[in-house]
S.K.: 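Have a look at the structure that comes next, please.
In listed order, ligands and their atoms are each counted from 1.
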Amino acid sequence: MQVEPITFNGIDAIRLAREGASAVVALHGAQVVSWVAADGRERLFVGERAKFDGVAAIRGGVPVIFPQFGERGTLPKHGFARTLSWRFHGAQEDEAIFELRNDAATAHWPHAFVARLRVGLSATRLTLALQVENTGEAAFAFTAALHTYLRVDDISGVALEGLQGCDYEDSLAGGTLRRENEWEVRFDGATLEEGIDRIYNDVVAPLLLRDGARELPVEQEGFPDAVVWNPGDHLATRIADLAPDEWRRFVCVEAGVVLQPEVLAPGESWEGVQILG
Ligand code: TA6
């Protein structure tokens, strides 16, 4: 793995390269902000108006959500991991490791932990593994996700396969529980206006994102849930760091542990993996 410290939109980042592919990981949030496979095509979406001020969450790439998904707790939305600086821990042959440990900045969540993001790269695949270890003396519970923004040509031509038969919480309907009956989730019709925000449970099949003629396999291990989000036209106008019509250029397909918090006893570890490509 080639590793090069760079500045990306003014913030510190690490550029990784291997087998003709590359990825850029901002230390702010250990957020993967670019993934170009060996065919030269960028697969991740980052908004034109994304803020790179070292404070705000970056709109796009792969935000690491930990220790709280959304507003399921008392912490700020989606927890603190995406807005803190992680440490580059080093690289091996096929992956680079980033680390976040509890310190004064995480003291409002009174638990001792180490979170690690392992970023693996090959010609056609990006493998992201989130590990959490309880280094304290009391158990804690957390929710987490890899909030992956996948770049698409036009959301109206996108379909996501692999969720048929899964139950999901429909966040746009107050968390109503439904079952996915469709072979593929599409983003056309009323969804273009209203958006889609669902937390699918017990996802076992590999997912396949189809964007016109292009396909991207999306797999997950260790994460039981998959979150599917596109804000649609209506909500997008209220998201300050999204340029007009940019909502058409991405879909979030997130691997998460959301509906049932994970509990770690002292000394225990957990790992969830999302594989793109
Ligand atoms: O994962 C979907 C979601 O929780 C949506 O409800 C939406 O709010 C999105 O994340 C983005 O949240 P953010 O805080 O980054 O604007």
Side-chain angles (χ1 to χ4, degrees), residues 9 26 28-33 44-84 128 130 142-152 155 158 160 163 166-178 180 185 187 191-201 203 207 209 218 220 223-244 246-262 272 274 276:
N9 285 294
H28 183 65
Q31 193 152 330
V32 181
V33 285
L44 299 179
F45 166 88
V46 174
E48 279 168 28
R49 296 185 182 172
K51 287 195 194 117
F52 292 91
D53 59 4
V55 179
I58 301 166
R59 176 71 60 198
V62 186
V64 176
I65 307 302
F66 171 81
Q68 176 189 299
F69 184 87
E71 283 155 332
R72 293 163 185 262
T74 55
L75 296 177
K77 185 177 175 196
H78 283 330
F80 48 68
R82 65 176 181 164
T83 54
L84 292 178
L128 301 174
L130 178 64
F142 66 94
T143 48
L146 295 170
H147 197 303
T148 308
Y149 285 72
L150 297 172
R151 177 188 284 245
V152 297
I155 190 74
V158 168
L160 182 64
L163 293 166
C166 292
D167 291 332
Y168 66 91
E169 263 192 38
D170 188 345
S171 306
L172 298 181
T176 306
L177 206 60
R178 304 188 203 275
E180 184 60 67
V185 177
F187 301 84
T191 305
L192 292 174
E193 186 60 30
E194 293 158 16
I196 192 165
D197 194 352
R198 299 177 179 174
I199 306 167
Y200 287 90
N201 185 226
V203 173
L207 308 182
L209 184 77
V218 180
Q220 58 187 58
F223 285 112
D225 307 321
V227 184
V228 179
W229 179 60
N230 176 277
D233 196 14
H234 186 62
L235 174 61
T237 57
R238 301 207 304 264
I239 302 180
D241 54 358
L242 265 190
E246 267 191 330
W247 61 274
R248 291 180 171 276
R249 309 274 169 258
F250 73 85
V251 58
C252 286
V253 180
E254 312 166 29
V257 52
V258 176
L259 296 174
Q260 182 71 48
E262 187 70 28
Q274 187 183 48
L276 306 174

S.K.: With atoms numbered from 1 as shown, which atoms in ligand 1 lie under 4.0 angstrom from a non-hydrogen atom of Lys77?
M.R.: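 The list of qualifying atoms is 7 (C), 8 (O), 12 (O), 13 (P), 14 (O), 16 (O).
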S.K.: Short list, please: which atoms of ligand 1 are under 4.0 Å from a heavy atom of His78?
M.R.: 3 (C), 4 (O), 10 (O), 12 (O), 14 (O)
S.K.: Please report which non-hydrogen protein atom sits nearest to atom 16 (O) of ligand 1, along with the residue it belongs to and the distance in Å to one decimal place.
M.R.: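 Of the protein heavy atoms, Arg59 NH2, 3.0 Å lies nearest.
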S.K.: Do the side chain of His147 and the main chain of Phe69 share a donor and acceptor less than 3.5 angstrom apart?
M.R.: no
S.K.: In the protein, which heavy atom is nearest to atom 6 (O) of ligand 1, and how far is it?
M.R.: Asp197 OD2, 2.5 Å
S.K.: Any side-chain heavy-atom pair from Glu169 and Val258 closer than 4.5 angstrom?
M.R.: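 SC-SC contact between Glu169 and Val258 ruled out.
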S.K.: Check each of Val251, Leu209, Ile196, Leu150 against Leu160 using the side chain to side chain contact (heavy atoms under 4.5 Å, CB included) test, and report the only one that passes.
M.R.: Leu209
S.K.: Within this structure, what is the CH2-CH2 distance for the pair Trp247 and Trp229, rounded to the nearest 0.5 Å?
M.R.: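 Atom-to-atom, Trp247:CH2 and Trp229:CH2 are 12.0 Å apart.
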S.K.: Counting N and O atoms only, with roles assigned by atom type, does the side chain of Gln68 sit under 3.5 Å from a partner on the main chain of Leu75, one being a donor and the other an acceptor?
M.R.: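 A pair under 3.5 Å: yes.
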S.K.: Which atoms of ligand 1 sit under 4.0 Å from any heavy atom of Val227?
M.R.: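 Ligand 1 atoms under the 4.0 Å threshold to Val227: 1 (O).
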S.K.: Considering only heavy atoms, does Arg82 approach ligand 1 within less than 4.0 Å through its side chain, its backbone, both, or neither?
M.R.: side chain
S.K.: Nearest 0.5 Å please: distance from the CZ atom of Arg72 over to the NE2 atom of His78.
M.R.: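 If I round to the nearest 0.5 Å, the distance is 10.0 Å.
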S.K.: Taking only heavy atoms of Glu254, which atoms of ligand 1 are found under 4.0 Å from at least one of them?
M.R.: 1 (O), 2 (C)
